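Below is one structure; the comments refer to it alone.
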Amino acid sequence: MHGGGASWPLRGHEGASRAGRFGNGEMNDLIFTVAIDGPAAAGKGTIARAIAARFGLAHLDTGLLYRAAAAKGGDPVAAARTLTEADLAAPGLRSEAAGEAASRVAAIPEVRAALLDFQRRFARRPGGAVLDGRDIGTVVCPEAEVKLYVTASPEVRAHRRWLEQGGEAAAVLAEVKARDARDAGRAVAPLARAPDALVLDTSAMTVDEAVARAAAAVAAALGR
Ligand code: DC
């Protein structure tokens, strides 16, 4: 980020990262989960990385698990059951095609079941964690201390995607809407706002504004 001028989209390359240690650099046994859900290209990842860095929490981009399971090829259930750290570093996982493939395998109940334990353990690991995805506050960690539902209009999200990847604007909007429909319409763990989630509509927000709102919610829950 430069000065106050960060703009959407901001994407990191790390899937799971330890952004720093909480407090004075000592390991601690704080159990504290920030669950960030919302549709594609709403700004979840950007906010999650910023919150992890600011509060010294571990971060897991759970979309990357589904992307990696889809990219492995073959039977997606077997792929999800045998996922390794190396799979999360496979090239091309951030592409729109990989996201589309991930959205398809994510509708398979056995794939979701295979990835659940890892996500739950990550969420409750000592030192605290931020997870972003579609079902973190509803299914993976309903007990999360902070739940955010980050959204933006389909047009704004499509515009951010278009800035990132180019292509034909109308086609990008159609892709965004199709992915929304699949992620929200599946039978198991669909994209949904937890009733106790704070909604952040980033349509008209800068990155800094969105991060400031999220950070205020986290600071309040931490009693800071
Ligand atoms: O957040 P993303 O675009 O990287 O996610 C890719 C796909 O993975 C998304 O369209 C649906 C699926 N996904 C999911 O079903 N549950 C999650 N917690 C995260 C992602």
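Being a predicted model, the structure only gives us computed values, none of them experimental.
- Taking both residues in full, the closest heavy atoms of F55 and A219 are given as CZ-N, 4.0 Å, listed atom of the first, atom of the second, then distance.
- For the residue pair A35 and I136, the shortest heavy atom distance occurs at CB-CG2, 3.5 Å.
- Partners of R104 according to the salt bridge (Lys or Arg N to Asp or Glu O under 4.0 Å) rule, which considers only residues two or more places apart in sequence or in another chain, are E100.
- Hydrophobic clustering keeps V34 apart from Y149 (ILVMFWY residues linked when any side-chain heavy atoms are closer than 4.5 Å, directly or through intermediates).
- Identified under the ring pair (Phe, Tyr, Trp, His ring centres under 6.0 Å) test for residues 159-196, with sequence neighbours left out: H159-W162.
- In the hydrophobic clustering of this structure, V199 does not group with I36; members are Ile, Leu, Val, Met, Phe, Trp, Tyr whose side-chain heavy atoms approach within less than 4.5 Å, directly or through other members.
- In this structure, the side chain of D29 does not engage the main chain of P126 through any donor-acceptor pair within 3.5 Å.
- The line from CG of L191 to OG1 of T151 is 8.0 Å long, rounded to the nearest 0.5 Å.
- Put simply, CD on E110 and CZ on R112 are 12.0 Å apart, with the number rounded to the nearest 0.5 Å.
- You'll find the side chain of V218 stays beyond 4.5 Å of the side chain of R54, heavy atoms only.
- Follow the hydrophobic side-chain contacts under 4.5 Å out from M205 and you reach V207 in the same cluster.
- The residue from H59, K44, R49 that alone fulfils the side chain to side chain donor-acceptor pair (under 3.5 Å) condition with D132 is H59.
- R161 CZ to E96 CD: the interatomic distance, rounded to the nearest 0.5 Å, is 5.0 Å.
- Put simply, CG on L88 and CG on L60 are 8.0 Å apart, with the number rounded to the nearest 0.5 Å.
- Heavy atoms only, all atoms of each residue included: P76 and V105 are closest at CB-CG1, 3.8 Å.
- Side chain of D37 to main chain of D135: a donor-acceptor pair is present (N/O by atom type, distance under 3.5 Å, no hydrogens or angles).
- Contact record, V172 with Q165: CG2-NE2, 3.7 Å, taken as the closest heavy-atom pair.
- Between the R67 side chain and the A98 main chain, no donor and acceptor come within less than 3.5 Å of each other.
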So T202 and R160, side-chain hydrogen bond (donor to acceptor under 3.5 Å, both in side chains) or not? Walk me through it.
CA-CA 11 Å; T202 68; R160 290 176 188 159; 3.1 Å; yes

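- The CZ atom of F122 sits 6.0 Å away from the CG atom of L131 when rounded to the nearest 0.5 Å.
- K147 contributes a side-chain N or O that, together with a main-chain N or O of P142, makes up a donor-acceptor pair within less than 3.5 Å.
- Here the closest heavy-atom approach between residue V188 and residue R186 is recorded as O-NE, 3.0 Å.
- No continuous path of ILVMFWY side-chain contacts below 4.5 Å connects V156 to V176, so the two sit in separate hydrophobic clusters.
- A donor-acceptor pair under 3.5 Å is absent between the side-chain atoms of S153 and the main chain of S203, judged by distance alone.
- Residues satisfying the side-chain contact (heavy atoms from CB on, under 4.5 Å) criterion with A214, sequence neighbours excluded, are I47, I51, L148, L200.
- Looking at every heavy atom in both residues, G137 comes nearest to A194 through O-CB, 4.0 Å.
- Environment of CZ in R213: sparse, with no more than 12 heavy atoms of neighbouring residues, nucleotides or ligands closer than 6.0 Å.
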Residues D208, T206; criterion side-chain hydrogen bond (donor to acceptor under 3.5 Å, both in side chains); working and verdict:
CA-CA 5 Å; D208 288 350; T206 64; 5.4 Å; no

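- Checked for salt-bridge contact, D61 and R94 meet the test: a charged N lies under 4.0 Å from a carboxylate O.
- Interatomic distance, OG of S103 versus CD of E175, reported as 11.5 Å (0.5 Å rounding).
- A 4.5 Å side-chain heavy-atom check between T82 and K72 finds at least one atom pair inside the cut-off.
- At a cut-off of 3.5 Å, with distance as the only test, a side-chain donor of D87 or T84 sits close to an acceptor on the other residue.
- Using a 4.0 Å cut-off between charged nitrogen and carboxylate oxygen, E145 and R124 count as a salt-bridge pair.
- With hydrogens and angles disregarded, a donor-acceptor distance shorter than 3.5 Å links the side chain of R157 to the backbone of A40.
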